[in-house]
Each structure stands twice: as structure tokens, then as C-alpha cells.
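Following: one structure in C-alpha cells, then a few remarks.
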Amino acid sequence: MTDPHHSLDRRTLLRYGTGALAGAGLAAAGLGLAPAAAAYGWPASLKQGSTGAAVTELQIRIAGWAADSASHSYVAVDGQFGPGTYAALRRYQSAYGLGVDGIAGPQTFASLNALESSDGSTAHFEFSEFYSHDGAGFSGGKVGSATVKENVRKMMYKLEAVRKKAGNSPITINSGFRSVAYNTSIYGYATNSQHQYGIAADIVISGHTTKSAYQLGERSGMSGLESYAHSWQHMDSRVEHAYGAQSWWWESGTV
């Protein structure tokens, strides 16, 4: 018989809530859940004027909080803590019930770590959800597999923001990374699909229309948004990468 203490991990709890505990006849106090991953060595604090690798990591994790409303803006992942990072951090802090001061300190770092899983993915998304549907994993794209994986990780954090803004509604990934071969098999010819770099995702948000998803993307640093007239919503980060499409593409305009 499976030990229920081992069948409910931290990711399960985050996805399904405390109801998962009740269903298993368990009390949270006695569960002994593993703590949130704390793989990143954050400094004591980060604030405007800070620079370096820790700022870069912070920018990756708050990139989905790029704007309050529809805006052609994104958080530059450049290791320079400037006004854009400051504003995005304040939005993140407000959304997660933290002190809103635009300074990343212990409470903010604890909140960010709670969204991280031990394998480098995020609390509500797994790398396997973004694998190419032809079985290639993260291989066979227009950039190397390590770059694809890192790009997917960045997209996961943006989607964590979209999920939060959608009232914590679950998000299904219909299509994440696509190998060149798989992408060609779909379209019949080679295209510059952003999926081939790992910087795009086609999603469905439970209980939300594609129009609603599109609107969430408009304020979550998404520079590529396909028309919401589909059963899924395409989102990508095309302007942030030298190999991306390099121009904003909101097919349905500003909604």
C-alpha cells in the first residue's frame, strides 16, 4: 500500500490545495512536507542600483509583472536593477501580500522560492509539459537544448504570473517547445515559429476565455500574442531574444 505521506508532495499541494490533504485524511501539521526549494543563493537584499547575477535571477522571476495594464513593455533581464525592475517587483509584492517597497529582502525571496521546484521548474509547471510532441524533449530546435530549457524556465515564471492574475486558475500547456522537425510536420514547411526556441507556449486557462487569456498576456510581458479566436492562446517573448521575431505582434491589437 502506498504511504499517503509520500503521495502528496509540495507540487500536489500547490496545484490542488488543502483539499488534497482532507481527501487523504491528513492534517497539514503532520504532513512533513519538504520545504520550498532554495537553490538560489540570494543576497541579503536587492534594490535599485543593485547589479549582477542575483538581479538577473530576480528579473526572470518577476518578468510576468511587467505592467498594470495592456502595454508593450517587458522586464529586461540584464542584471541592472532599474525603474522597470523596481515597478515589476512592487506589483509582485502587492499580488503576493508582501510589503510593497520595491526592495527584495527575506520575505520576497521566501515568496519567490516558494514558486521554485527542486528541479528548476516552477510550482505549477513541469518541464515535461513543454517537451516537443514528437518525443525530442528539448532537442532539435533552432538553439541548443540547454538554451531551450532555460527559455522554458523563463516562460514558466511569466506563466506563474498569468496564473496568479487569473485567480490561480490552472493552466494547460497545449504546445511548448517544438523541434524543427515537428514544427515542419505541422506546417508543411520550415517557419520561424517562436516555439522552436522555447520562448512560446499555447495555453488554455481553466474557466477563462481565450480573450481573457490574451488580455492577461498584454500586461505580463508577452510580446507575441496570436489572435484570441482559437481554442488556445499563443503567447511568446519574441522581442527579448536576438533570435526572436524582434518586433511586437499582438494579432488582435490592444484589447
Side-chain angles (χ1 to χ4, degrees), residues 8-20 36-37 60-70 74-75 88 91-92 95-96 111-133 137-138 148-178 193-195 197-238 240 249-252 255:
L8 285 170
D9 60 11
R10 174 174 164 271
R11 190 187 296 258
T12 300
L13 180 62
L14 284 166
R15 285 194 172 188
Y16 300 108
T18 53
I60 288 170
R61 299 190 187 205
I62 63 172
W65 299 92
D68 290 312
S69 58
Y74 64 91
V75 177
R91 293 183 192 101
Y92 176 91
Y96 282 89
S111 176
L112 292 169
N113 282 344
L115 286 176
E116 179 188 5
S117 291
S118 59
D119 66 350
S121 62
T122 64
H124 301 101
F125 301 98
E126 299 181 35
F127 285 121
S128 59
E129 296 178 79
F130 292 80
Y131 285 169
S132 181
H133 291 322
F138 289 148
V148 168
K149 186 175 183 179
E150 178 62 6
N151 287 342
V152 166
R153 186 177 78 94
K154 292 176 180 177
M155 177 58 73
M156 285 178 170
Y157 277 108
K158 282 191 176 183
L159 292 177
E160 287 285 356
V162 171
R163 188 182 192 279
K164 183 73 171 177
K165 294 171 189 179
N168 295 312
S169 297
I171 292 177
T172 299
I173 309 300
N174 277 2
S175 182
F177 168 68
R178 297 177 191 158
S193 168
Q194 306 303 283
H195 289 272
Y197 305 101
I199 63 175
D202 295 345
I203 69 171
V204 174
I205 306 177
S206 179
H208 290 257
T209 64
T210 49
K211 181 178 180 179
S212 173
Y214 185 105
Q215 291 172 311
L216 291 173
E218 288 179 315
R219 54 191 176 95
S220 299
M222 302 295 185
S223 45
L225 293 169
E226 189 174 6
S227 167
Y228 56 79
H230 302 284
S231 59
W232 69 88
Q233 183 56 56
H234 171 95
M235 299 182 176
D236 67 54
S237 301
R238 60 184 57 211
E240 298 179 46
W249 178 63
W250 289 3
E251 190 175 17
S252 294
V255 179

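Every heavy atom of this structure was used, including side-chain atoms; hydrogens, water molecules and symmetry mates were not. The structure displayed is predicted, hence computed values, not measured ones.
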Query raised in the report: Below 4.5 Å, heavy atoms only, C-beta onward: do Trp65 and Val75 meet side chain to side chain?
Result: no
Query raised in the report: Is there a side-chain contact between Leu112 and Tyr92, using heavy atoms and a 4.5 Å cut-off?
Result: yes
Query raised in the report: Is Arg61 salt-bridged to Glu116, going by a charged N under 4.0 Å from an acidic O?
Result: yes
**Report entry** Inter-residue atom distance Asp236.CG - Leu225.CG, 0.5 Å rounding
**Finding:** 7.5 Å
Query raised in the report: Between Val152 and Phe138, what is the shortest heavy-atom contact and its length?
Result: CG2-CE2, 4.0 Å
Report summary line: Ile205 and Ser169 have their tightest heavy-atom pair at CG2-CB, 3.8 Å
**Report entry** Distance in Å, Gln233 CD paired with Thr210 OG1, rounded so as to fall on 0.5 Å steps
**Finding:** 6.0 Å
Query - For Ser252, side chain to side chain contact (heavy atoms under 4.5 Å, CB included) partners two or more places apart - result: Tyr214, Ser227, Tyr228, Val255
Report summary line: OG (Ser69) and CD (Gln215) are apart, to the nearest 0.5 Å, by 11.5 Å
Report task. Verify the distance criterion only: is there a donor paired with an acceptor across the side chains of Lys158 and Ser237 at less than 3.5 Å? Result -> yes
Query raised in the report: Cut-off 3.5 Å, side chains only: do Ser117 and Asp119 have a donor facing an acceptor?
Result: no
Report summary line: Value for NZ (Lys165) from CZ (Arg91), rounded to nearest 0.5 Å, stands at 8.0 Å
**Report entry** Value rounded to 0.5 Å, distance of CG in Leu115 from OH in Tyr96
**Finding:** 4.5 Å
Query raised in the report: Just by distance, do the side chain of His208 and the backbone of Ala166 share a donor-acceptor pair under 3.5 Å?
Result: yes
Query raised in the report: Which residues pass the ring-ring contact (aromatic ring centres under 6.0 Å, His included) test with Trp250, sequence neighbours left out?
Result: His72, Trp248
Query - Pair Trp232-Ser175, side chain to side chain contact (heavy atoms under 4.5 Å, CB included): steps then yes or no - result: CA-CA 9 Å; Trp232 69 88; Ser175 182; over 6 Å; no
Report summary line: What one should report as the nearest heavy-atom pair of Phe127 and Met156 is N-CE, 3.4 Å
Query raised in the report: Who passes salt bridge (Lys or Arg N to Asp or Glu O under 4.0 Å) against Glu150, sequence neighbours left out?
Result: Arg153
Report summary line: One should read off an interatomic distance between Met222 CE and His234 NE2, to the nearest 0.5 angstrom, of 9.5 Å
Query - Distance-only donor-acceptor check, side chains His195 and Asp202, under 3.5 Å - result: yes
Query - Taking every non-hydrogen atom, the tightest pair across Ile171 and Val162 - result: CD1-CG1, 4.1 Å
Report task. Write down the atom of Leu159, the atom of Ala201, and the distance for their closest heavy-atom approach. Result -> CD1-CB, 4.3 Å
Report summary line: Smallest heavy-atom separation, Met155 atom then Met235 atom, equals CE-O, 4.0 Å
